[in-house]
Amino acid sequence: MSGARPDGEFRTEELLAEVMSRLIGDARHVAVGAQSPIPAAAALLARRRGGGRPWVSILESRTHNFFTDGGRELFDCAGQGRLDVFFLSGGQIDGEANINLVSVGDYRKPKVRFSGSFGSAYLYFVVPRVILFRLEHSRRALVEKVDFISAPGTSSQNVYRPGGPIALVTPLCLFAFDREKKRFRLQSVHPGHSVEEVIENTGFDFDRPAQLPQTPAPSAETLRLLREVVAPELADAYPRFAASVFGIPTQRRSGNGEAAIRNP
Amino acid sequence: MSGARPDGEFRTEELLAEVMSRLIGDARHVAVGAQSPIPAAAALLARRRGGGRPWVSILESRTHNFFTDGGRELFDCAGQGRLDVFFLSGGQIDGEANINLVSVGDYRKPKVRFSGSFGSAYLYFVVPRVILFRLEHSRRALVEKVDFISAPGTSSQNVYRPGGPIALVTPLCLFAFDREKKRFRLQSVHPGHSVEEVIENTGFDFDRPAQLPQTPAPSAETLRLLREVVAPELADAYPRFAASVFGIPTQRRSGNGEAAIRNP
Amino acid sequence: MATIAGSLEEALAPIADGCMLLVPRGNAGVAMAATRALVRRGAKRLNLVAVPTSGIQADLLIGSGCVESIEAAGVSLGELGPAPRFAAAVRAGEILVKDTTCPALHAALQASEKGVPFLPLRGLLGSDLVKYRPDWRVIDNPFANHDPIVLLPAIKPDVALFHAPMADAAGNVWIGATRELMTMAHAARATVVTVETLHEQNLLDDPVLAAGTLAGFYVEKVAIAPRGAWPLALPGHYARDEAHLAEYARLAASAEGFARYLDLYVHERRAA
Amino acid sequence: MATIAGSLEEALAPIADGCMLLVPRGNAGVAMAATRALVRRGAKRLNLVAVPTSGIQADLLIGSGCVESIEAAGVSLGELGPAPRFAAAVRAGEILVKDTTCPALHAALQASEKGVPFLPLRGLLGSDLVKYRPDWRVIDNPFANHDPIVLLPAIKPDVALFHAPMADAAGNVWIGATRELMTMAHAARATVVTVETLHEQNLLDDPVLAAGTLAGFYVEKVAIAPRGAWPLALPGHYARDEAHLAEYARLAASAEGFARYLDLYVHERRAA
């Protein structure tokens, strides 16, 4: 639990939201799927900075959501070419940007079972700029080859694929993805971390420049926006995240006249 | 224009509505498409007699219409197997129950152009009991072979086709359709008409029994139901028909709080 | 995305000559005021796609020489008989007709809505519609043996144009249960809407209104056009003007009568 | 068609052992009171299809031994982590999982809704989902050259089960903007709905309500179950009970804890 922090200090979640927000760039429409509180914060931050652009759709949110055609609208919208940026994670992510949201070990009798592929096997193909994120930067999360391909990082020339990965954000660093080479390239290392730490904890091989920049820390203004403006907006979709990272009281989630029911 | 008629007298439209109503049988759901006022009357009559069964959907009606999923719902509903009876007509209908709603002569430069095929090319295949009707019983309407097949009367064994024609109703008679033989069979001739008249005015060959029954006239109770109960219900979809056949004042069409606009 | 246009004419700017224009059936919110404005503007070579049928709107545009082709399951004036300028233009070979059937049109739009290149549809086989639609394909259903099925390519319209009861300042449009308007907007590159009135609150803020609302995200332009569906109905708001439609049917039966109709109701702006 | 059932148990009669049961995602109106009643009844061999994901509902049914197979794009407790009984059952090989992706589920239901044997979908190629779904087919798009595309067979559920704010005496159900509930009802052979309350007027008589209404024509049974989505949310009516869901996550982490949860909240009927 936290609340205000001394000026200049920031949490990893805040740094990552800032990094993702920059990656969003000049998008028209950014959507955020299930279990993605940091991407949701990034999208709302980008929208604040853009003065209302891009449109932001947060799957679990009632207020940041213009969909009125049911659960399929997000996917139809992406199929229409009307979704520019999406975020995906994976239990495993490998060096060719394949993601695994299904299982480790034998598919039919796995050692570990994850939640499932959600929309990844579709959105990874049709959304032009997919930002990967993984909050555990380890050799078991970032692997040489995933055990199960929920969605492949690249496809052969004849496969219809206007979309795909552009980057991978972790608590240690930012990778860019090169679709031609099918490889990640280290872009910057976050403050307090080193390239050696990245190499040691990454299960796949990647490119890197001779001179490696540090990821810029979020500015005071960014932190203010995140804490004062974005965080309360996050709470309707991610009450626990908003509470633990930003200290937003959990009762705020039951806004819109919804009373929480504690007992039947 | 007409209004009340002496007991026992009936108009052709009333007889045909009665004939179609009997053909509806024990259906769960009957739908009526565009430009089909007599079928609409038949369906509403059947529903009255069935104490609220079958469900009746009238395309142009606001009150007899439970569709809330847009223009495609009728067709989706039929594709789901949830529509038992539908009515189709044709500029031309031939002896194999092919119907033509498109044109006479060369398709690209026709002598006569009709309105178009509407839903026929689909509903004829998937609705189990399609009742054909043609209000002009002549050799130019009931032809040996249609100039354009909007929808074929029969299909080969391997074509998915749970539906098709069961009968053809005209102002002169009732034909049943035999899908195996691909031929019509004369079932009954309407009061005031003869089998010779039917033969003379029909462009296709058809079967007929040695003893040909007369179509029963509508009972006094049927006529009462049609005139007093069904006719006012018809007026929201078919104001001109309800006015000219049943003498329902045309201002009734603007029910449901809708005011007619006479001038911009 | 949507902006509330200062005039009907401004709102219609996205409807360029030669574009593929998607319009709804007679009682689903036909933008008739906008249609008259297109005639006045002298729109040319429109490739009209009716969802799935049309009446006076298509007839008026065809009679005015605005139309190059029309894809529709039917064009008629309903109880008032055939659409006279449509029938005349077809007989004269002046327009290209792409005959279809209602569910095929809905399915082909849903294909665009879903971003797939085609949708399958039952029925159709053995119909001459298939014969004259070289853009349709028949394949063997891969999930069965010897089971032919038609595939319809996605229709990708440039602009969808319709009339609705209300919009709000954000360009959200309340369409009610006329859901094909939503599919049309999803399928089209741009959507232009005329409305009776502006609603003061955001339509998406009220869950009951939101259920019948197309998000402004999909809408390019909104213009206010009171009684904008006249002489057609806007269900729940006003009925068809039967007398006017009968007058149209009578006048449009001849080229001269049609010209007189235009003078009376379109060019003179008495109807706008 | 719909009848208002006298009890929740009576309404659930169409959900026979071994049937294919269609249920919505967590915030779309999950019939949790009905789910607890199914557990109490000892439902068996359900083939669960989640539209397109599930959480505590699937986990509860799986942990209670009611489920033979599940088709879903995801099963999880959201912010509270993995669905523990689901994960345990998969690791033990006790249930068959048909892994899929959200839009594939929506498309396969739309195929049923449209009465077509399949729908195509972009994406998917090169995913191991395709490898483990022998019921999917890859064909060459007939409208292009060397353009592979996946075809998904129609999902044809026996029963769709969900919870909604209100129904009327005719069985019409107001679902608002949660339109997948309509597709579910269209795709399923029968639909069972629990609602918070009965609405006194016919929902179809009010055009604003009608826009968000599923017609009773598609509904087999309606039962009144106040707070019937608890502990999940019914958006616009009540929020998720985070404390209870956290308790579920904690208890369900072990088989023993799960049994205790059932004792506390399901079998004792404290939650019904």
Side-chain angles (χ1 to χ4, degrees), chain C residues 103-104 106-108 110-111 113-124 134-145 147-154 164-166 172 174-179 181-183 199 203-215 234-237, chain D residues 103-104 106-108 110-111 113-124 134-145 147-154 164-166 172 174-179 181-183 199 203-215 234-237:
Chain C
H106 290 299
Q110 285 182 282
E113 179 177 60
K114 297 200 81 59
V116 291
F118 59 85
L119 236 60
L121 190 68
R122 288 302 193 181
L124 293 168
D135 52 333
W136 295 356
R137 297 270 182 288
V138 181
I139 66 160
D140 232 40
N141 171 11
F143 296 91
N145 289 319
D147 176 22
I149 189 165
V150 178
L151 303 185
L152 309 161
M166 57 185 170
N172 301 309
W174 191 79
I175 58 167
T178 315
R179 299 294 293 196
L181 300 178
M182 189 165 292
T183 305
H199 185 69
L203 288 161
L204 295 179
D205 285 348
D206 175 346
V208 175
L209 287 171
T213 295
L214 167 72
L234 184 63
H237 295 259
Chain D
H106 290 299
Q110 285 182 282
E113 179 177 60
K114 297 200 82 59
V116 290
F118 60 85
L119 235 61
L121 190 69
R122 288 301 193 182
L124 293 168
D135 53 332
W136 295 356
R137 298 268 181 289
V138 181
I139 67 161
D140 231 41
N141 172 11
F143 297 90
N145 289 319
D147 175 23
I149 189 166
V150 177
L151 303 185
L152 309 161
M166 58 185 169
N172 300 309
W174 192 79
I175 59 168
T178 316
R179 298 295 293 196
L181 300 178
M182 189 165 291
T183 305
H199 186 67
L203 288 160
L204 295 178
D205 285 348
D206 175 346
V208 176
L209 287 171
T213 295
L214 167 71
L234 184 62
H237 294 260

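All of these numbers come straight from a predicted model, not from anything done at the bench.
The choice from D/Pro117, D/Ala144, D/Pro165, D/Gly176 that makes the most heavy-atom pairs within less than 4.5 Å of chain C is D/Pro117. No other option in C/Pro103, C/Gly212, C/Gly115, C/Pro120 has as many heavy-atom pairs under 4.5 Å with chain D as C/Pro120.
Side-chain atoms of D/Arg137 come within 3.5 Å of backbone N or O of C/Pro142 as a donor-acceptor pair.
In this structure, chain D has a heavy atom under 4.5 Å from the side chain of C/Ile139, while its backbone stays farther away.
Atom CD1 of residue D/Ile149 and atom CZ of residue C/Phe118 lie 5.0 Å apart, to the nearest 0.5 angstrom.
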### Task
Carefully, step by step, assess D/Phe143 and C/Leu151 under the rule side-chain contact (heavy atoms from CB on, under 4.5 Å).
CA-CA 9 Å; D/Phe143 297 90; C/Leu151 303 185; 3.8 Å; yes
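Across D/Ala211 and C/Ala177, no two heavy atoms sit closer than the pair CB-N, 3.7 Å. For D/Lys114 against C/Leu119, the heavy-atom pair with the smallest separation is CD-CD2, 4.2 Å.
Counting only heavy atoms from C-beta outward, the side chains of D/Trp174 and C/Val208 approach each other to under 4.5 Å.
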